[in-house]
Amino acid sequence: MKKVFRILLYVFGWALFLFIAFFILSQGYLEYNDQKGYYDESKKETVKETVPEAKEIKEVNKKALELRDAEKWKEFAELSEAHYKNPDFNFRFAYATAFVNGKEFPKDYRRAVEILSFDVPKNWSYHKSLVQLANLYNLGGEGLEKDSAKSNECFDKFFANVKLEEENSIIYNKDDHSISISTVIYDAFYIYVGHEYCTYPADGFPVNKVLGVKIMQKAIELTPLVDLNALAVIENIYKKEGRQNDYFKLQGELFDKGNFDVGLDYAYALLFGKHKDEARGFIVMKKTADFVNSGGKNTNAEPWYNTYVAVMYKNGIGTEKNIQETQKYFDKAKTYYERNAKSEGSSYTMAVEDAVQTAALIYFGKNSRGKQRLHDQDLGLELINFADTLTEKYAPKKGNKELIEFYKCAKMEDKLDELYKRYAARIPKYKGEYERYLKAKEESDKK
């Protein structure tokens with residue numbers, strides 16, 4: 001009997017020990033979470049690892065989106081804490097980064113790293129998680145030990161996801177989980193500037209200029225075929241670094257390696273910048289126009305290049321004057337403008353607005369910020385008349401507000417009056433505008 005009692009006492013003792021240990025540990029865990037401001041002890045049953053079915057995780061993601069957009073961070077954290085280990089949870093990055101920026105919760109890089117480590121390659125956020133991990137390990141602090149080796153490992157994994165032959169416009173390819181080189185450069189910029197450019201506070205990166213530049217330079221080394229948007233990001237970083245001369249050199253290197261997206265800005269730098277070289281500027285502009293005319297991609301500026309080459313041939317800028325070549329490239333530009341106008345159907349055509357804006361540039365010889373541009377009033381007016389023809393042909397019920405603004409700026413009152421009459425006769429919104437214009441003109445004449 002004593003033996004049985006000893007056995008029961010032994011079992012009871014171990015059970016009591018395990019219960020006390022579990023209670024102490026759980027209280028410590030809850031206390032830690034409560035200090036961080038994202039756990040409500042009254043709802044502790046919500047904080048548990050879950051692997052919901054596909055339908056359930058869709059509802060979880062939907063709810064997480066609602067909570068984030070409403071900035072209900074406590075509820076968002078409770079939901080995220082329960083699901084961040086699930087590979088199909090879409091707000092892991094936002095949840096982790098909330099521990100980085102210190103706005104929603106106290107800063108805790110260690111906790112952010114723990115959450116991000118559960119991201120997987122199939123997710124669109126995977127590349128962001130990798131670059132954030134590289135960033136945090138590189139910086140260290142806020143509870144995380146600096147670790148260059150781990151930072152470099154995440155850096156290498158990040159670039160292993162890059163698909164160089166991918167179309168520049170594709171941010172994330174869901175079929176093979178790759179990202180484009182442009183996506184890499186956007187991430188470099190976000191790291192360089194930090195939280196300043198982020199839509200949501202929880203979607204930011206801590207500032208790390210050194211790593212931002214490192215990522216950008218690695219991307220450029222991999223391929224010269226960087227698109228227009230990514231080029232703007234690169235230029236922004238170089239300007240912030242005070243390295244405008246280096247960016248000018250980079251433009252030349254990228255162009256010589258076949259990047260025609262850089263052509264327009266590089267040509268302008270050669271024509272009007274401190275490194276003025278009109279002959280080289282003409283070559284760059286013409287090569288880019290010939291590239292797009294032959295069906296080459298990497299640019300949406302086909303009519304611009306042809307217009308500018310025509311202006312250069314007509315005025316002998318960087319080349320000898322050639323009237324035949326002038327007409328050839330100008331006709332090509334008009335062909336592109338009409339093609340673009342056709343493609344937009346009966347909607348208010350951006351192509352026609354674009355034609356007017358280009359015409360204004362060459363008519364006035366400067367842009368809206370006063371920067372010098374190629375100048376030829378005759379070609380400018382010819383293009384204005386062509387834009388008017390396109391509007392009448394493809395958007396007669398819409399009109400063209402850019403034409404009206406051009407005639408106002410050029411002080412062509414006869415043209416403006418004639419255009420207003422045409423539009424007011426068939427477009428209701430212009431009738432009232434024309435009446436106000438006439439009244440203002442009458443009052444001005446009295447003065």
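Only a predicted model underlies this, so the values are computations on that prediction, with no experimental measurement involved.
For the pair K150 and E145, the salt-bridge criterion is not met [side-chain N within less than 4.0 Å of a carboxylate O]. Look at K371 and D265 and you find no salt bridge, because none of the NZ, NE, NH1 or NH2 atoms lies under 4.0 Å from a carboxylate O. The residues K74 and E78 are annotated as not salt-bridged, no charged nitrogen and carboxylate oxygen being separated by less than 4.0 angstrom. No salt bridge links K334 with E338; every basic N to acidic carboxylate O contact stays at or beyond 4.0 Å.
At least one donor-acceptor pair under 3.5 Å links the side chain of N61 to the backbone N or O of D88. Judged purely by atom type and a 3.5 angstrom limit, N123 has no side-chain atom pairing as donor or acceptor with the backbone of S125. Under a 3.5 Å cut-off, the side chain of N259 and the backbone N or O of V226 do form a donor-acceptor pair. Of the possible donor and acceptor atoms, one in the side chain of T335 sits under 3.5 Å from a partner among the backbone N and O of D331. Looking only at distances, a side-chain donor or acceptor of R92 sits under 3.5 Å from a matching main-chain atom of N86. Side-chain atoms of T97 do not come within 3.5 Å of backbone N or O of A94 as any donor-acceptor pair.
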>> Quick one, M312 with L271, criterion side chain to side chain contact (heavy atoms under 4.5 Å, CB included). Give me CA distance, side-chain angles, the key distance, then yes/no.
In response: CA-CA 11 Å; M312 296 178 82; L271 293 170; 3.7 Å; yes

>> For a salt bridge (Lys or Arg N to Asp or Glu O under 4.0 Å) check, start with the C-alpha distance between E235 and K239, then their side-chain angles and the critical distance, and finish with the verdict.
In response: CA-CA 6 Å; E235 182 182 13; K239 283 183 177 178; 3.5 Å; yes

> Can you check side chain to side chain donor-acceptor pair (under 3.5 Å) on Q132 and Y190, steps first, answer last?
Replying inline: CA-CA 10 Å; Q132 183 74 298; Y190 295 143; over 6 Å; no

>> Evaluate R111 against E81 for salt bridge (Lys or Arg N to Asp or Glu O under 4.0 Å), listing each step before the verdict.
In response: CA-CA 11 Å; R111 181 70 176 132; E81 182 65 23; 2.4 Å; yes

>> Between E114 and R110, does the salt bridge (Lys or Arg N to Asp or Glu O under 4.0 Å) criterion hold? Intermediate values first, please.
In response: CA-CA 6 Å; E114 179 185 352; R110 181 199 63 77; 3.4 Å; yes

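Environment of NZ in K408: crowded, with over 12 heavy atoms of neighbouring residues, nucleotides or ligands closer than 6.0 Å.
The distance from atom CG of L67 to atom CD of E75, rounded to the nearest 0.5 Å, is 6.0 Å. Summarising the geometry, atom NZ belonging to K146 is positioned 7.5 Å from atom CG belonging to L139; distances are rounded to the nearest 0.5 Å. Distance check, rounded to the nearest 0.5 Å: CG of N340 to OH of Y336 gives 9.5 Å.
Looking at D388 and L419, their side chains come closer than 4.5 Å, going by heavy atoms from C-beta outward. With contacts defined as side-chain heavy-atom distances shorter than 4.5 Å, the pair K401/E353 qualifies. T288 places none of its side-chain heavy atoms less than 4.5 Å from the side chain of L264.
A ring-ring contact (aromatic ring centres under 6.0 Å, His included) with Y313 is found for one member of F330, F282, Y308 and no other, namely F282.
Residues meeting the ring pair (Phe, Tyr, Trp, His ring centres under 6.0 Å) test with Y238, sequence neighbours left out: Y247. Under the ring pair (Phe, Tyr, Trp, His ring centres under 6.0 Å) criterion, F386 pairs with no residue at all, not counting sequence neighbours. F248 is linked by a ring pair (Phe, Tyr, Trp, His ring centres under 6.0 Å) to Y266, H275, counting only residues two or more places apart in sequence or in another chain. Checked against ring pair (Phe, Tyr, Trp, His ring centres under 6.0 Å), F364 has the following partners two or more places apart in sequence or in another chain: F406. When the salt bridge (Lys or Arg N to Asp or Glu O under 4.0 Å) test is applied to D246, the partners found at least two apart in sequence or on another chain are R243.
Across N101 and K107, no two heavy atoms sit closer than the pair O-CE, 3.7 Å. Residues L79 and H83 share a closest heavy-atom pair of O-CD2, 3.1 Å. Nearest heavy-atom pair, A267 versus M285, reported as atom, atom and distance to 0.1 Å: CB-CE, 3.7 Å. What you find for L133 and C154 is that their closest heavy atoms are CB-SG, 3.7 Å. What you find for I427 and P396 is that their closest heavy atoms are CD1-O, 3.6 Å. Heavy-atom minimum distance, V352 versus A341: CG2-CB, 4.2 Å.
Ring orientation note: the planes of F105 and Y95 are nearly perpendicular, at an angle over 60° on the 30°/60° scale.
Taking the six-membered ring for Trp, F159 and F155 have ring centres closer than 6.0 Å. Taking the six-membered ring for Trp and the full ring otherwise, the centers of Y329 and Y305 sit at least 6.0 Å from each other. The aromatic ring centroids of F255 and F260 lie less than 6.0 Å from each other.
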With a cut-off of 3.5 Å and sequence neighbours excluded, list every side-chain donor-acceptor pair involving residues 204-221.
{"unit_1": "N208", "atom_1": "OD1", "unit_2": "L211", "atom_2": "N", "d": "3.1"}
{"unit_1": "N208", "atom_1": "ND2", "unit_2": "N135", "atom_2": "OD1", "d": "2.9"}
{"unit_1": "N208", "atom_1": "ND2", "unit_2": "N138", "atom_2": "OD1", "d": "2.9"}
{"unit_1": "K214", "atom_1": "NZ", "unit_2": "N152", "atom_2": "OD1", "d": "3.4"}

